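Please find one structure pasted underneath; my questions will follow.
Remember, predicted model here, so these are calculated numbers, not experimental data. Here, residue 1 is the first one in the sequence, and each next residue gets the next number.
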Amino acid sequence: MITIAVVDDHQMFLDGMIAVLSGQSNFEILFVENRAQAALIKMREMQPDILISDISMPEMNGVEFIKIIKATYPNVKILVLSMFESMETIADIDGYLLKETSKEELVKAIHAIVLKNEKYLTVPGNTLDAFAFKRTILSHREKEIIRLIAEEYTSEEIADKLFLSRGTIETHRKNIFFKLQVKNIAGLIKKAIYLGIVK
């Protein structure tokens, strides 16, 4: 029997997860919480084989939450189910799935992580190693914008070049910085070179 805990601040998503997981004969849900702090309290009483969590939560940063879990309960596997991934969690998580992942893929990931002790990092249609995954979380447009930033184009110039609004470019920049966990242009360029996005 694989014991599972789920933490997510969206009740509708939690309800769906309960329905999916309860339908598996070898899964047992230990607890479901919509707040990270409440989940930490529950973890003192019972530790699941695998914790399924988002990284975007209101009262506590999901990255911080995951680091606390791994530091306190190193044997608990962690599967992130989110819209995008923070590279900072790669070393701490055992799996990553997009929230629109199919039920079959979710079950497959849980079995691989818990029963086979494997990493399960995916985007639609691909199972990736950590390095490839870090590159794949960026969209084609985001990579294009990174290359233009590396060529010292301003947001306004990039907007003109790509026929987009400056606001759209700024939104892309924020998403890029979050996904790659960088704070400034220097950090962005360094990470982009490491990932082979720019030369």
Side-chain angles (χ1 to χ4, degrees), residues 1-137 178-179 181:
M1 186 68 69
I2 297 175
T3 55
I4 302 171
V6 186
V7 184
D8 195 284
D9 62 326
H10 294 95
Q11 189 59 48
M12 188 177 296
F13 175 76
L14 286 178
D15 293 341
M17 285 293 292
I18 292 170
V20 169
L21 298 174
S22 298
Q24 301 297 311
S25 59
N26 66 328
F27 289 175
E28 177 187 355
I29 301 175
L30 289 189
F31 66 85
V32 174
E33 282 292 345
N34 59 12
R35 294 183 303 115
Q37 291 287 4
L40 289 175
I41 293 173
K42 285 281 181 67
M43 288 290 292
R44 297 173 193 165
E45 305 168 7
M46 58 189 100
Q47 290 86 55
D49 293 316
I50 186 167
L51 173 71
I52 300 174
S53 176
D54 196 349
I55 58 168
S56 176
M57 290 183 283
E59 68 174 19
M60 177 184 286
N61 181 284
V63 174
E64 179 186 356
F65 172 65
I66 288 170
K67 286 186 177 296
I68 291 173
I69 294 296
K70 270 299 182 185
T72 311
Y73 311 103
N75 293 326
V76 174
K77 303 292 187 180
I78 295 178
L79 170 61
V80 169
L81 212 59
S82 193
M83 296 304 295
F84 45 78
E85 205 277 335
S86 161
M87 282 177 58
E88 189 177 345
T89 68
I90 281 286
D92 300 307
I93 67 174
D94 300 284
Y96 167 83
L97 294 173
L98 293 174
K99 278 196 170 180
E100 60 263 33
T101 295
S102 67
K103 175 179 71 175
E104 292 75 18
E105 185 79 4
L106 173 62
V107 172
K108 181 181 177 182
I110 292 172
H111 283 156
I113 294 167
V114 177
L115 300 181
K116 299 179 181 179
N117 197 32
E118 295 177 350
K119 291 277 188 179
Y120 203 94
L121 306 173
T122 74
V123 292
N126 296 285
T127 300
L128 311 161
D129 60 35
F131 180 82
F133 174 71
K134 293 171 189 177
R135 297 186 69 235
T136 309
I137 58 173
F178 181 81
K179 288 181 180 183
Q181 289 291 292

- Message: Evaluate Met43 against Val76 for side-chain contact (heavy atoms from CB on, under 4.5 Å), listing each step before the verdict.
- Response: CA-CA 10 Å; Met43 288 290 292; Val76 174; 4.0 Å; yes

- In chain order, what residues pass the side chain to side chain contact (heavy atoms under 4.5 Å, CB included) check against Leu40, with sequence neighbours excluded? Gln37, Met60, Phe65, Ile68, Ile69

- Work out which heavy atom in Ala109 is nearest to a heavy atom in Leu97; give both atom names and the distance. CB-CD1, 3.8 Å

- May I have the step-by-step check of side-chain contact (heavy atoms from CB on, under 4.5 Å) for Ile113 and Ile50, ending in yes or no? CA-CA 8 Å; Ile113 294 167; Ile50 186 167; 4.0 Å; yes

- What residue among Val107, Leu21, Asp49 forms side chain to side chain contact (heavy atoms under 4.5 Å, CB included) with Ile2? Asp49

- Message: Strictly distance-based, threshold 3.5 Å: is any side-chain N or O of Ser22 a donor or acceptor partner for the main-chain N or O of Ile18?
- Response: yes

- For Ser102, enumerate each residue passing the side chain to side chain contact (heavy atoms under 4.5 Å, CB included) test, keeping only those at least two apart in sequence or located in another chain. Glu104, Glu105

- Message: Considering only residues two or more places apart or on different chains, which pairs with a residue in residues 14-38 satisfy salt bridge (Lys or Arg N to Asp or Glu O under 4.0 Å)?
- Response: Glu33-Lys42, Arg35-Glu59

- By side chain to side chain donor-acceptor pair (under 3.5 Å), Glu45 pairs with (sequence neighbours left out) none

- Message: Please check: side-chain N/O of Asp94 versus main-chain N/O of Ile78, any donor-acceptor pairing under 3.5 Å?
- Response: yes

- Test Asn34 against Val7 for side-chain contact (heavy atoms from CB on, under 4.5 Å), laying out the working first. CA-CA 5 Å; Asn34 59 12; Val7 184; over 6 Å; no

- Message: So does Val80 get a backbone contact from the side chain of Ser53, meaning a donor-acceptor N/O pair under 3.5 Å?
- Response: no

- Message: Side chains of Phe13 and Leu81, heavy atoms from C-beta outward: is any pair under 4.5 Å?
- Response: yes

- Task: May I ask you to check if Lys108 and Tyr120 form a cation-pi contact, with NZ or CZ under 6.0 angstrom from the six-membered ring centre and within 45° of the axis?
- Result: no

- Note on the structure: Applying side chain to side chain donor-acceptor pair (under 3.5 Å) to Asn117 and not counting sequence neighbours gives Lys77

- Task: Could you check Leu79 against Ile93 for side-chain contact (heavy atoms from CB on, under 4.5 Å), going step by step and ending with a plain yes or no?
- Result: CA-CA 6 Å; Leu79 170 61; Ile93 67 174; over 6 Å; no

- Step through the shown structure and confirm whether more than 12 heavy atoms of other residues, nucleotides or ligands are within 6.0 Å of CE on Met12. no

- Considering all heavy atoms, the nearest Val32-Ile29 contact: CG2-CG2, 3.6 Å

- Task: To the nearest 0.5 angstrom, please state how far the OG1 atom of Thr3 sits from the CG atom of Leu51.
- Result: 10.5 Å

- ring-ring contact (aromatic ring centres under 6.0 Å, His included) partners of Phe27, counting only residues at least two apart: His111

- Task: Heavy atoms only: give me the nearest Asp8-His10 pair and the separation to one decimal.
- Result: OD1-N, 2.8 Å

- Please name the pair of heavy atoms, one in Met1 and one in Ser25, separated by the smallest distance, quoted to 0.1 Å. CE-O, 3.6 Å

